[in-house]
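Quick notes on the structure that follows.
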Amino acid sequence: MRPVLISEVDMTIFTVAERPTFTAPVEFSIPGNADDGAPEIHKVVIEFTRLKRSELLAFVQKETQNIVDDVKPLVVGWRNILDDQGQPVPFTFENRDRLFEITQVPNAVLSAFLSHCREAVRKN
């Protein structure tokens, strides 16, 4: 077995103090108004509250009938969400509630959150 030289190792710095949030891409489609009936694909970036391990375990083990109530509080910011004039929509709790009224959004947001968490666990 050949020894590993320090210069060959990717020296990524890790700090114990994690940021309280993380971002993840979210993609969802909604029925379109095009003549061909193609859905409109939307790609946004959502900022989530970072849960501690114990909080994440409790979250995924929770049995609930209302996915919106579970995932909505985890959303604390976003990028790439525009109004009908093409202007950025500022993140507010009211705007978040409006976004979550779009049928396809809650499942897409939850899927992105859980996917990111699975990836983080896999890397550790």
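Worth knowing before you read on, the calculation uses all heavy atoms, side chains too, and leaves out hydrogens, waters and symmetry mates.
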Fill in: Close aromatic pair by centroid cut-off 6.0 Å: F48 and H116
no

Worksheet entry | Shortest non-hydrogen contact between D70 and F59, atoms and distance | O-CE1, 3.4 Å

Worksheet, complete the sentence: Heavy-atom closest pair (K72 atom, R96 atom, distance to 0.1 Å) is O-NH1, 3.1 Å

Worksheet item: Can you tell me how far CD of E40 sits from CZ of F28, rounded to the nearest 0.5 angstrom?
Response: 9.5 Å

Worksheet item: Are I46 and L82 linked, directly or through other ILVMFWY residues, by side chains that come within less than 4.5 angstrom of each other?
Response: no

Item to complete: Decide yes or no on side-chain contact (heavy atoms from CB on, under 4.5 Å) for R50 and T21, but give the supporting numbers first.
Response: CA-CA 5 Å; R50 185 182 307 276; T21 62; 5.8 Å; no

Discussion item. Just to verify, which of K43, H42, Q104 counts as forming a side chain to side chain contact (heavy atoms under 4.5 Å, CB included) with E27?
Written reply: K43

Worksheet item: Under 4.5 Å between side-chain heavy atoms, hopping through other hydrophobics if needed: is there a path connecting L57 to F113?
Response: no

Practice prompt. Give the minimum heavy-atom separation between D83 and V89, together with the two atoms involved.
Written response: N-CG2, 3.4 Å

Item to complete: Would you tell me whether E47 and T23 have side-chain atoms, one donor and one acceptor, within less than 3.5 Å of each other?
Response: no

Worksheet entry | Which atom of N80 lies closest to which atom of V44, heavy atoms considered | O-CG1, 3.5 Å

Fill in: Any side-chain heavy-atom pair of I30 and P39 under 4.5 Å
no

Worksheet item: Can you tell if the side chain of L51 reaches within under 4.5 Å of the side chain of F22, non-hydrogen atoms only?
Response: no

Worksheet item: Rounded to the nearest 0.5 Å, how far apart are CG of L99 and OG1 of T92?
Response: 10.5 Å

Worksheet, complete the sentence: On a heavy-atom basis, the closest approach of T49 and P73 is OG1-O, 4.1 Å

Worksheet entry | Closest non-hydrogen atom pair between S29 and I41, with its separation | CB-CD1, 3.4 Å

Worksheet entry | Residue pair K52, L56: steps toward the side-chain contact (heavy atoms from CB on, under 4.5 Å) verdict | CA-CA 6 Å; K52 296 177 183 156; L56 179 59; over 6 Å; no

Discussion item. Is there a path of hydrophobic side-chain contacts, each under 4.5 Å between heavy atoms of I/L/V/M/F/W/Y residues, joining V45 to L74?
Written reply: no

Worksheet item: Any side-chain heavy atom of W78 sitting closer than 4.5 Å to one from V26?
Response: no

Discussion item. Using the rule given for side-chain contact (heavy atoms from CB on, under 4.5 Å), can you reason through V75 versus F91, listing the C-alpha separation, both sets of side-chain angles and the distance that settles it, and then say yes or no?
Written reply: CA-CA 10 Å; V75 176; F91 178 83; 4.0 Å; yes

